[in-house]
Amino acid sequence: MEKPSRKLKKTLLILGVTGAVYLSFRYLLPLVIPFLIAYVFALSLRPSALWIERKTRFTIKKKVISIPLAVIGGIEIILFMIVFGIILYAGGRKLTMEAKLLFQNLPQIMRSIDAWLTENCTFAEQFLKLPDGYLLKVVRDIISGGEAAIKSRAMSFVMLNSMSIIKWLVQVTILTVILFIATILTLQEMDDIRTRRDNSMFCYEYAMLGNRLMSVGSAWLKTQATIMIFTMIICSIGLFLMGNPYFILLGIGIGFLDALPIFGTGTVLIPWAIAAMVGKNWVYGIGLIVIYIICYFIREVMEAKIMGGKVGLTPLETLASMFVGLQLFGLFGFIMGPIGLLIIEDIVELYGGSCYNCREQTNREGNEKAR
């Protein structure tokens with residue numbers, strides 16, 4: 001039976017580590033996260049930058065001259081931003097064309113919705129033995145009231161938060177510049193950073209936390225990004241085959257919605273399919289359900305294949321940590337919660353378990369000497 005003193009020490013260790021992780025995530029992480037992101041970007045750019053640096057070396061008067069890694073990394077980032085901007089422009093142009101077509105067809109769409117409401121409300125009135133036009137008037141009043149409320153709320157939100165939006169845009173611009181400069185400097189000083197890390201007295205802790213953050217974070221980001229891209233492609237192709245003129249716009253929108261916590265493809269596709277079937281458009285409704293089923297199984301297969309055992313938590317632990325993270329940190333808590341739990345478990349095992357193992361090993365050695 002364990003001694004109460006050791007149980008108390010273990011309990012205090014768990015509470016202390018949990019409190020330290022919470023305070024670090026709450027107050028320290030927002031201050032250093034741009035530099036952590038810059039470090040990840042620098043790691044991604046380092047292999048190609050080193051290859052270019054080796055290939056562009058030349059000798060002048062027996063002196064080897066090469067392009068600095070910071071310059072190479074800066075050029076790579078600029079080229080990446082240019083390519084990304086071209087892709088964004090092309091995609092934005094296509095989305096703008098589809099949005100323009102949507103607005104042009106909006107009156108026709110509204111007339112179709114009104115006809116659908118009239119038909120179904122008339123059927124409901126006959127079934128419930130209500131006066132003619134009563135239910136339709138109620139539904140139209142609700143819709144018109146909702147539109148007025150949305151417009152008034154939207155205008156008041158824009159008027160009250162215009163300065164906040166401008167401030168946010170300025171902060172994003174400054175953060176982007178800092179991230180760009182920090183990535184270049186980190187790429188140039190990568191060797192010095194690793195040397196200081198390896199020579200530090202906390203080198204083991206740095207390695208443990210870094211491995212945890214990299215393994216869990218990269219696995220989660222890779223999984224979500226891959227699923228989101230596949231969802232966008234599948235939804236766009238499916239809607240294109242069904243003859244929807246807004247297949248790209250809707251496919252991208254459903255893919256982004258699927259990447260958000262709690263929401264998913266079913267949030268849009270299932271009500272849409274039900275509405276199509278109620279309107280006796282059975283082929284369209286079945287097609288939407290087929291798209292949803294394909295997206296659902298692809299998410300399940302990819303999450304199991306990509307994540308695998310990299311996280312190291314049971315499904316119940318993952319669900320509980322995500323819920324606690326959501327309550328403490330908002331939407332980002334869905335990833336911060338599991339990472340925090342893993343860090344707590346690792347630190348407690350390191351310091352609580354290592355002390356116990358050292359004590360057991362000392363006792364065994366003493367017993368062997370006594371024999």
Side-chain angles (χ1 to χ4, degrees), residues 33-34 36-52 55 67 69-104 165 168-184 186-187 217-261 263-265 267-269 291 294-295 298-299 302-303 305-306 331-332 335:
I33 195 167
L36 293 176
I37 296 174
Y39 185 80
V40 174
F41 285 169
L43 285 176
S44 303
L45 295 173
R46 184 174 172 81
S48 59
L50 286 174
W51 183 83
I52 295 174
K55 294 297 181 180
I67 303 175
L69 289 178
V71 176
I72 298 174
I75 295 174
E76 286 182 334
I77 294 174
I78 293 173
L79 291 176
F80 173 78
M81 292 176 66
I82 292 174
V83 173
F84 181 75
I86 293 173
I87 296 174
L88 193 64
Y89 171 77
R93 186 177 180 183
K94 176 63 177 176
L95 291 178
T96 303
M97 293 172 60
E98 291 192 1
K100 184 178 179 180
L101 180 62
L102 176 63
F103 281 113
Q104 290 176 350
I165 294 173
W168 180 80
L169 291 175
V170 172
Q171 289 177 344
V172 169
T173 303
I174 295 174
L175 183 62
T176 304
V177 174
I178 292 175
L179 189 61
F180 177 75
I181 297 174
T183 302
I184 294 175
T186 303
L187 184 62
S218 63
W220 187 84
L221 290 174
K222 185 186 297 183
T223 302
Q224 297 305 318
T226 305
I227 292 174
M228 184 176 67
I229 292 172
F230 270 87
T231 301
M232 290 179 179
I233 293 173
I234 291 169
C235 291
S236 297
I237 292 175
L239 293 173
F240 170 75
L241 295 176
M242 293 166 60
N244 193 299
Y246 320 108
F247 60 94
I248 294 180
L249 185 66
L250 292 173
I252 292 176
I254 295 172
F256 275 117
L257 187 66
D258 184 58
L260 296 176
F263 298 98
T265 55
T267 307
V268 176
L269 295 177
I291 294 174
I294 294 174
C295 292
I298 283 181
R299 167 172 283 277
M302 284 191 172
E303 281 187 341
K305 185 175 181 180
I306 299 177
L331 291 178
F332 289 105
I335 180 63

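Hydrogens, waters and symmetry mates are skipped; everything else that's a heavy atom, side chains included, is used.
Residues Ile184 and Ala70 approach most closely at CG2-CB, 3.2 Å, considering heavy atoms. Residues Met228 and Gly255 share a closest heavy-atom pair of CG-O, 3.4 Å. In terms of heavy atoms, Ala42 sits closest to Leu187 at O-CD1, 3.6 Å. The shortest heavy-atom contact between Cys295 and Ile234 is SG-CG2, 3.9 Å. Closest heavy-atom contact between Ser236 and Gly251: OG-CA, 3.5 Å.
Other residues, nucleotides and ligands contribute more than 12 heavy atoms inside 6.0 Å of the CE atom of Met242. By the neighbour-count criterion of 12 heavy atoms within 6.0 Å, atom CZ of Phe230 is sparsely surrounded, having that number or fewer from other residues, nucleotides or ligands.
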Apply side-chain contact (heavy atoms from CB on, under 4.5 Å) to the pair Met232 and Phe256, showing each step before the final yes or no. CA-CA 8 Å; Met232 290 179 179; Phe256 275 117; 3.5 Å; yes
Mind running side-chain contact (heavy atoms from CB on, under 4.5 Å) on Leu69 and Leu50 for me, showing each step along the way? CA-CA 7 Å; Leu69 289 178; Leu50 286 174; 3.9 Å; yes
Output, in order, the C-alpha distance, side-chain angles, deciding distance and verdict of side-chain contact (heavy atoms from CB on, under 4.5 Å) for Ile78 and Ile82. CA-CA 6 Å; Ile78 293 173; Ile82 292 174; 4.0 Å; yes
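Not one N or O on the side chain of Thr186 forms a donor-acceptor pair closer than 3.5 Å with the backbone of Thr183.
Expressed to the nearest 0.5 Å, how far CD1 of Ile298 lies from OG1 of Thr231 amounts to 7.0 Å. Considering CD1 of Ile248 and CD1 of Ile233, their distance stands at 11.5 Å, rounded to 0.5 Å. In this structure, the separation between CD1 on Ile254 and CG on Leu239 is 5.5 Å, given to the nearest 0.5 Å.
Between Cys235 and Ile291, some side-chain heavy-atom pair lies under the 4.5 Å cut-off. Here the side chains of Leu179 and Phe41 are in contact, with some heavy-atom distance below 4.5 Å.
Checking each of Leu43, Ile37, Leu36 against Tyr39 for a side-chain contact (heavy atoms from CB on, under 4.5 Å) leaves exactly one that passes, namely Leu43.
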